[in-house]
*Asks:* 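The structure is given below, and queries will be raised subsequently.
The figures that follow rest on heavy atoms only: side chains count, while hydrogens, waters and symmetry mates do not. These numbers come from a predicted model, not from an experiment. First the proteins, then the strands, lettered A, B, ... as listed; each starts at 1.
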Number of protein chains: 2
Amino acid sequence: MAPDRRKMIVEAATKSFSLFGYKATTMDQVARLANVGKGTIYTFFKNKEELFEEIISTLVKEMIAEAEAVIQPGLPITENVHRGLFRILEFRSKHQLMIKLVQEEAEMGTLAVSEMLRHVEDEIIAYLKNKLDTAISKGSIPSMDTELTSFLLLKMYIALIFDWEKNHEPLSSDQIAQIMKVFLLRKLPN
Amino acid sequence: MAPDRRKMIVEAATKSFSLFGYKATTMDQVARLANVGKGTIYTFFKNKEELFEEIISTLVKEMIAEAEAVIQPGLPITENVHRGLFRILEFRSKHQLMIKLVQEEAEMGTLAVSEMLRHVEDEIIAYLKNKLDTAISKGSIPSMDTELTSFLLLKMYIALIFDWEKNHEPLSSDQIAQIMKVFLLRKLPN
DNA sequence: CTTTGACCAATTTAGTTTTTTGGTCATTTT
DNA sequence: AAAATGACCAAAAAACTAAATTGGTCAAAG
């Protein structure tokens with residue numbers, strides 16, 4: 001039963017990134033936590049950033065699995081887009097690694113972290129766009145620029161959930177759902 | 001012909017803030033540029049931040065004057081809101097002081113600057129809300145939550161004009177106008 | 001062939017000194 | 001007397017330095 005070193009490394013790194021952030025996580029620490037020599041890490045990953053990438057990639061997959069889990073085929077597409085997006089942003093604001101990374105970007109502006117968060121955003125938009133394209137081909141919503149719409153939907157959700165609350169009473173899930181419908185049921189330029 | 005010292009101070013400070021940003025502008029420099037003893041500044045302004053506030057307040061007034069200048073009473077409200085907002089964001093992205101402040105916030109995170117930019121945003125939203133309230137009372141657009149709508153409109157504009165361009169071809173003014181119409185002509189929850 | 005940790009250049013941090021800064025106020029100018 | 005000034009000060013920031021840490025390598029061990 002040779003231990004799966006790669007897996008141990010990824011688990012150790014995930015834990016450390018979640019706890020201390022990207023910058024404050026040292027490769028020595030990851031090696032120690034993973035019960036592995038430091039050099040071993042470099043047989044699986046070219047460098048620290050690539051290890052980080054693998055972890056974020058897993059996180060994005062989890063995120064999308066979460067979204068898929070709340071989507072119900074019987075419901076209208078507008079409701080499902082809302083549920084999925086809402087779940088993704090909930091995930092984003094509850095998941096320890098995400099919390100830590102967002103915090104690190106805000107207060108230290110670590111470059112690798114900014115790039116990774118941007119990448120996550122792009123993945124969410126791509127996922128959303130895919131859903132919209134399918135819905136259009138099925139005739140559930142009018143044809144539109146799905147790239148632009150996905151982009152706007154995500155930006156709006158982020159603004160409504162994270163920025164609006166800084167000055168106002170939080171919006172109910174229903175209110176947010178209504179706002180989104182305005183977008184999906186009207187034709188946007190394409 | 002006693003020189004208007006207050007005015008000279010404000011002009012010198014505006015120039016210096018625009019050129020070097022808030023932090024890098026020293027009160028000594030402002031005094032020198034204004035041909036005034038340093039103590040004189042403090043007979044007009046309680047401190048550096050209050051001087052900054054006065055300048056930003058003037059800038060907001062200019063901004064709104066710019067918006068008013070492109071608004072034409074004959075046009076539909078949706079067109080006018082688009083014109084005004086577009087002009088405001090154009091101003092924001094062209095005006096030297098604004099450019100410098102946005103840059104300073106991004107790369108140094110100066111607290112006083114963040115607060116001031118937030119304040120500017122709030123003023124724009126308040127201006128917009130006022131326009132929408134008037135339009136509703138005249139029956140030009142359906143009744144809606146104007147605070148929320150103004151907030152969303154501004155956030156969307158910023159996303160479309162500044163964020164979208166990072167990955168995509170810039171949108172035409174017409175495209176942006178269309179997106180905005182979707183918002184103004186449909187009832188949002190209130 | 002895989003794994004390792006001592007090793008190294010390069011970067012970061014911590015500790016210290018020096019300089020600069022916002023703001024005051026006794027003195028000067030008008 | 002009222003307004004304006006700039007030398008002055010405590011506090012904050014910048015510059016400098018020494019010390020410690022880091023990501024990554026590689027010869028040796030397993």
Side-chain angles (χ1 to χ4, degrees), chain A residues 1-56 100-101 103-105 107-116, chain B residues 1-17 19-56 100-101 104-105 107-116:
Chain A
M1 48 145 268
D4 184 345
R5 290 191 158 76
R6 191 177 201 285
K7 194 179 160 197
M8 300 186 72
I9 290 166
V10 171
E11 276 170 8
T14 302
K15 195 175 288 181
S16 184
F17 285 144
S18 299
L19 233 43
F20 309 112
Y22 178 76
K23 248 213 98 197
T25 289
T26 71
M27 295 303 262
D28 264 309
Q29 188 176 36
V30 172
R32 229 176 309 126
L33 271 171
N35 269 101
V36 140
K38 187 160 63 152
T40 308
I41 300 177
Y42 290 88
T43 65
F44 295 112
F45 302 96
K46 211 180 76 212
N47 53 35
K48 188 180 181 183
E49 194 147 357
E50 213 174 67
L51 173 59
F52 188 36
E53 265 167 38
E54 162 125 355
I55 287 167
I56 294 296
K100 199 71 203 177
L101 293 179
Q103 179 195 333
E104 183 171 349
E105 151 148 83
E107 57 194 43
M108 318 180 43
T110 314
L111 187 67
V113 172
S114 298
E115 283 169 356
M116 219 44 85
Chain B
M1 48 146 269
D4 184 345
R5 291 190 157 74
R6 190 177 202 284
K7 195 180 160 198
M8 300 185 72
I9 291 166
V10 171
E11 276 168 9
T14 303
K15 195 175 288 180
S16 183
F17 285 144
L19 233 44
F20 309 112
Y22 178 75
K23 244 213 101 200
T25 291
T26 70
M27 295 303 262
D28 264 309
Q29 188 177 37
V30 172
R32 228 177 308 125
L33 271 171
N35 268 102
V36 140
K38 187 160 62 152
T40 308
I41 300 177
Y42 290 87
T43 65
F44 295 111
F45 302 95
K46 212 180 75 211
N47 53 35
K48 187 180 181 181
E49 194 147 358
E50 212 175 67
L51 173 59
F52 188 38
E53 265 166 40
E54 162 126 354
I55 287 167
I56 293 297
K100 199 71 203 179
L101 293 180
E104 183 171 351
E105 152 147 82
E107 56 193 43
M108 316 179 47
T110 314
L111 186 68
V113 172
S114 299
E115 282 169 355
M116 220 43 85

*Asks:* For B:Ala24 and for B:Thr40, find the nucleotide of DNA chain C with the closest heavy atom, then tell me which residue's nucleotide is more 5'.
*Replies:*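 This one resolves to B:Ala24.
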*Asks:* Under a 4.5 Å cut-off applied to non-hydrogen side-chain atoms, are B:Glu115 and B:Leu111 in contact?
*Replies:*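 Touching, per the 4.5 Å side-chain cut-off.
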*Asks:* Hey, is the side chain of B:Arg32 poking within less than 4.0 Å of OP1 or OP2 on D:dG6, counting only N and O atoms?
*Replies:*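 Answer is no, no contact under 4.0 Å.
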*Asks:* For A:Lys100 and A:Gly21, which heavy atoms make the closest approach, and how far apart are they?
*Replies:*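 It is CG-N, 3.5 Å.
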*Asks:* If you compare every side-chain N and O of A:Arg5 against the phosphate oxygens of C:dT3 (OP1, OP2), does one of them come in below 4.0 Å?
*Replies:*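 For A:Arg5, the contact criterion (side-chain N or O under 4.0 Å from OP1 or OP2 of C:dT3) is met.
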*Asks:* Who pairs with A:Phe45 by ring pair (Phe, Tyr, Trp, His ring centres under 6.0 Å), at least two apart in sequence or on another chain?
*Replies:*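 If we apply the ring pair (Phe, Tyr, Trp, His ring centres under 6.0 Å) test to A:Phe45, skipping adjacent residues, there are no hits.
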*Asks:* Considering every strand and a 4.0 Å limit on heavy-atom distances, what is the contact class for B:Thr26: base, sugar-phosphate, or nothing?
*Replies:*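 Here B:Thr26 touches the backbone only, sparing every base.
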*Asks:* In whole Å, I'd like the distance from the OH atom of A:Tyr42 to the P atom of C:dC8.
*Replies:*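 Atom OH in A:Tyr42 sits about 17 Å away from atom P in C:dC8.
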*Asks:* Whole angstroms only, please: what is the CD-P distance between A:Glu49 and D:dT22?
*Replies:*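 Going from A:Glu49 (CD) to D:dT22 (P), I get 18 Å.
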*Asks:* Which whole-number value in Å describes the distance from B:Leu111 CG to D:dA13 C1'?
*Replies:*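 So the two atoms are 16 Å apart, to the nearest Å.
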*Asks:* For B:Arg6, check salt bridge (charged side-chain N to carboxylate O under 4.0 Å, His left out) against everything at least two apart and list the hits.
*Replies:*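 Listed in chain order: B:Glu54.
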*Asks:* Tell me if the side-chain of A:Lys38 makes a donor-acceptor pair with the base of D:dG23, cut-off 3.5 Å, by modelled atom types.
*Replies:*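 Answer yes: a donor N or O sits under 3.5 Å from an acceptor.
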*Asks:* Between A:Asn35 and A:Lys23, which residue's closest nucleotide on DNA chain C lies nearer the 5′ terminus?
*Replies:*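 Nearest nucleotide further toward 5': that of A:Asn35.
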*Asks:* Tell me the interatomic distance from A:Ile41, atom CD1, to C:dG5, atom P, rounded to whole angstroms.
*Replies:*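 Rounded to the whole Å, the gap is 12 Å.
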*Asks:* Give the rounded distance in Å between these two atoms: CD of A:Gln29 and P of D:dT22.
*Replies:*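 In whole Å, D:dT22 P lies 8 Å from A:Gln29 CD.
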*Asks:* Does B:Lys48 make a cation-pi contact with B:Tyr22, if we ask for NZ or CZ under 6.0 Å from the ring centre and within 45° of the axis?
*Replies:*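 The answer is yes, since B:Lys48 meets both limits relative to B:Tyr22.
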*Asks:* Could you give the CE-to-P distance, from A:Met8 to C:dT4, as a whole number of Å?
*Replies:*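 A:Met8 atom CE is separated from C:dT4 atom P by 10 Å.
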*Asks:* Would you kindly give the CG-to-C1' distance between B:Asp28 and C:dT20, to the nearest whole Å?
*Replies:*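 It is 9 Å, rounded to the nearest whole Å.
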*Asks:* With nearest nucleotides of DNA chain D determined for A:Met27 and B:Thr43 from heavy-atom distances, which residue corresponds to the more 5′ nucleotide?
*Replies:*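 The residue whose closest nucleotide sits nearer the 5' end is B:Thr43.
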*Asks:* When the nearest nucleotide of DNA chain D is assigned to B:Met108 and to A:Gly39 on a heavy-atom basis, which residue is associated with the more 5' position?
*Replies:*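 Upstream on the strand: B:Met108.
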*Asks:* Tell me the interatomic distance from A:Lys48, atom NZ, to D:dG23, atom C1', rounded to whole angstroms.
*Replies:*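 Going from A:Lys48 (NZ) to D:dG23 (C1'), I get 8 Å.
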